[in-house]
Protein chains: 2
Amino acid sequence: MPVELADTTVASGADASKSRISRRRVLDAAARCFLNKGYAATRLSDIADEAGMKAGSIYYHFDSKEQMLSEVFDIGMTAVFDAVRTGVETLGPNASHRDRIGAAIKAHLQQLLEQSDYTAANIRIFGQAPAEIQRRHMPDREAYREYWRLLLEDARRDGALRADADLSLIRMLLFGALNWTVEWNDPEKGPADKIADAATAMLFDGLGT
Amino acid sequence: MPVELADTTVASGADASKSRISRRRVLDAAARCFLNKGYAATRLSDIADEAGMKAGSIYYHFDSKEQMLSEVFDIGMTAVFDAVRTGVETLGPNASHRDRIGAAIKAHLQQLLEQSDYTAANIRIFGQAPAEIQRRHMPDREAYREYWRLLLEDARRDGALRADADLSLIRMLLFGALNWTVEWNDPEKGPADKIADAATAMLFDGLGT
DNA sequence: GTCTATATTCAGATAGAC
DNA sequence: GTCTATCTGAATATAGAC
């Protein structure tokens, strides 16, 4: 029995692994398609083409197109939230507020532009996703916004940001400057870090003379 | 004959007018639907419902869904470009660069958030529109970008913006801050001008202490 | 000008062979 | 696990009555 058990374990382990791998390949393809064409305009055959299989085969891994979208959103939000938290915490507790916010901006843009099609898809197409899917993912997004809200509020409390600033407005303008990069950035043209530095400088210093 | 001529003229004038009016009603509905749901997710029956007619009737006024999208893009870009030019030129030739850029920001946001669903649709869904439509409207958008490029460059030339700024990068970050408002702004919550003032202050002064 | 009815095309989803 | 073949529903677009 130990042998059969071992064999079975190996076999099902291998199967499970193959399944997990091609499931992920399909999801990668879905994230790319959703990002580039939008949700409604993406056909299952587009995803299948990019994943190297036939449209019908997708249903071995997923129940529906909506399920794929939902998982793409989940993975994308987790990726960017983790990256930002890690980027800020890596600085240690004595970093300046400017450095903390700068690190958050850098991590956000790296995920969006270089690391994760899932994050990019989440940010780019969330607003046009089916209402039910949007509703389901509101709490994630709210938690992420809340993290940024505290980041900025702490900075103001300690005098690193002007006391008279409308922080929730500023936060949304900052998100806009960062998130809109997905509409125009050409990865060939330069690293996300360069954009991040410019955004941080604009936020803190402005461009007036 | 003068009578018949007059009658015919009046009658065809009235018909033409009715036609123009309901054509515009359909296009208004299309702009709203495209803005809210995206292009691919909008059905002709959505547009028809909102315009108070049946889906088939739309084809009396338009040849295709794509034609509607193309006209929405045209009207939206013309509206925002005209508004921005007018806003800047109204200041007269002796206005400060800060005031000129501030006026451009205000006009852009007013169109986007309060005046024109056409402009909002153009900005929000352009990136997910069919490739052929995007291609056709590239020159318009390029001209608009060019206007802003000169606005910022003139300011820098005269010393109103820092000499070391990467203006094309800054311009795209600014566009992002402004354009992303269409994703989050709640028209009930406050006027576009308030957002415009915050954006202008951020651009010139920054928020650091 | 707008309607009803319909042709046509297409995309999401399912069934069963391999 | 992936394929081929197919069902089904939907959406664009057309035809002809009113």
Side-chain angles (χ1 to χ4, degrees), chain A residues 8 10-34 36-72 125 128-133, chain B residues 8-31 33-34 36-72 125 128-133:
Chain A
T8 305
V10 169
S12 80
D15 282 2
S17 173
K18 178 179 180 190
S19 178
R20 267 190 298 108
I21 288 170
S22 59
R23 187 181 200 279
R24 183 68 184 208
R25 202 177 67 240
V26 172
L27 210 52
D28 284 352
R32 261 194 306 278
C33 290
F34 292 158
N36 292 325
K37 315 171 55 144
Y39 175 68
T42 294
R43 295 161 301 193
L44 289 179
S45 59
D46 295 329
I47 298 172
D49 285 351
E50 195 137 345
M53 65 172 64
K54 299 293 176 179
S57 311
I58 289 177
Y59 288 90
Y60 177 80
H61 302 284
F62 299 94
D63 293 337
S64 69
K65 190 179 162 187
E66 282 207 358
Q67 189 196 359
M68 286 190 272
L69 181 65
S70 188
E71 289 200 29
V72 166
I125 73 174
Q128 263 89 40
E132 158 62 18
I133 305 264
Chain B
T8 305
T9 306
V10 168
S12 80
D15 281 2
S17 173
K18 178 180 181 190
S19 178
R20 268 190 298 108
I21 287 171
S22 58
R23 188 180 199 279
R24 183 68 186 208
R25 202 175 67 241
V26 171
L27 209 52
D28 284 353
C33 290
F34 293 158
N36 293 324
K37 315 171 55 146
Y39 175 68
T42 294
R43 296 160 300 191
L44 289 179
S45 61
D46 295 329
I47 298 172
D49 286 350
E50 196 138 344
M53 65 173 61
K54 299 294 175 178
S57 310
I58 288 177
Y59 288 89
Y60 177 80
H61 302 283
F62 299 94
D63 292 337
S64 68
K65 192 178 159 186
E66 283 206 358
Q67 189 196 0
M68 285 189 273
L69 181 66
S70 187
E71 290 200 28
V72 166
I125 73 173
Q128 265 87 42
E132 158 62 16
I133 305 265

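Heavy atoms only: backbone and side chains are in, while hydrogens, waters and symmetry mates are out. Below, chains carry the letters A, B, ... as their sequence lines are ordered, and counting in each starts from 1.
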Asker: Do the side chains of R32(A) and D28(A) get close enough for a salt bridge, i.e. N-O under 4.0 angstrom?
Answerer: no
Asker: How long is the line joining CD of E66(B) and P of dA11(D), in whole Å?
Answerer: 17 Å
Asker: Contact class for K54(A) vs. all strands (heavy atom < 4.0 Å): base, sugar-phosphate, or nothing?
Answerer: base
Asker: Would you name the heavy atoms of S57(B) and H61(B) that are closest together and state the gap between them?
Answerer: O-CD2, 3.9 Å
Asker: Take atom CD1 of I58(A) and atom C1' of dG1(D), then tell me their distance rounded to the nearest Å.
Answerer: 13 Å
Asker: Could you give the angle between the helix axes at the two ends of the helix from dG1(C)-dC18(D) to dC18(C)-dG1(D), with five pairs per end, rounded to 10 degrees?
Answerer: 0°
Asker: Nearest of dT2(D), dT12(D), dG1(C) to any side-chain atom of K65(B)?
Answerer: dT12(D)
Asker: Do the charged groups of R43(A) and D46(A) touch, with an N to O distance under 4.0 Å?
Answerer: yes
Asker: Nearest whole Å is fine: how far is dT14(D) C1' from Y59(B) OH?
Answerer: 9 Å
Asker: Any non-hydrogen side-chain atom of Q128(A) less than 4.5 Å from a side-chain atom of I125(B)?
Answerer: yes
Asker: Nearest-Å distance, CD (Q67(B)) to P (dT14(D))?
Answerer: 12 Å
Asker: Look at the side chain of Y60(A) and decide which nucleotide, out of dT14(C), dG1(D), dT2(C), has an atom nearest to it.
Answerer: dG1(D)
Asker: Quick check on dG1(D): is either OP1 or OP2 less than 4.0 Å from any side-chain nitrogen or oxygen of S57(A)?
Answerer: no
Asker: Specify the separation, in whole Å, of atom CE of M53(B) and atom C1' of dC3(C).
Answerer: 11 Å
Asker: Starting from C1' on dG1(C), measure out to CZ on F62(B) and report it in whole angstrom.
Answerer: 14 Å
Asker: Which parts of residues 42-51 of chain A get close to DNA chain D, meaning a heavy atom less than 4.0 angstrom away?
Answerer: none
Asker: Answer whether the closest heavy-atom distance between the side chains of V26(A) and M68(A) falls below 4.5 Å.
Answerer: yes
Asker: Where is the tightest heavy-atom contact between S22(A) and M53(A), given as atom of each residue plus distance?
Answerer: CB-CE, 4.5 Å
Asker: Hey, is the main chain of E66(B) close enough, under 3.5 Å, to the side chain of S70(B) for a donor-acceptor pair?
Answerer: no
Asker: Check whether any side-chain heavy atom of E71(B) lies under 4.5 Å from a side-chain heavy atom of Q67(B), and answer yes or no.
Answerer: yes
Asker: Which pair of heavy atoms, one from S64(B) and one from Y59(B), lies closest together, and at what distance?
Answerer: CA-CE2, 4.3 Å
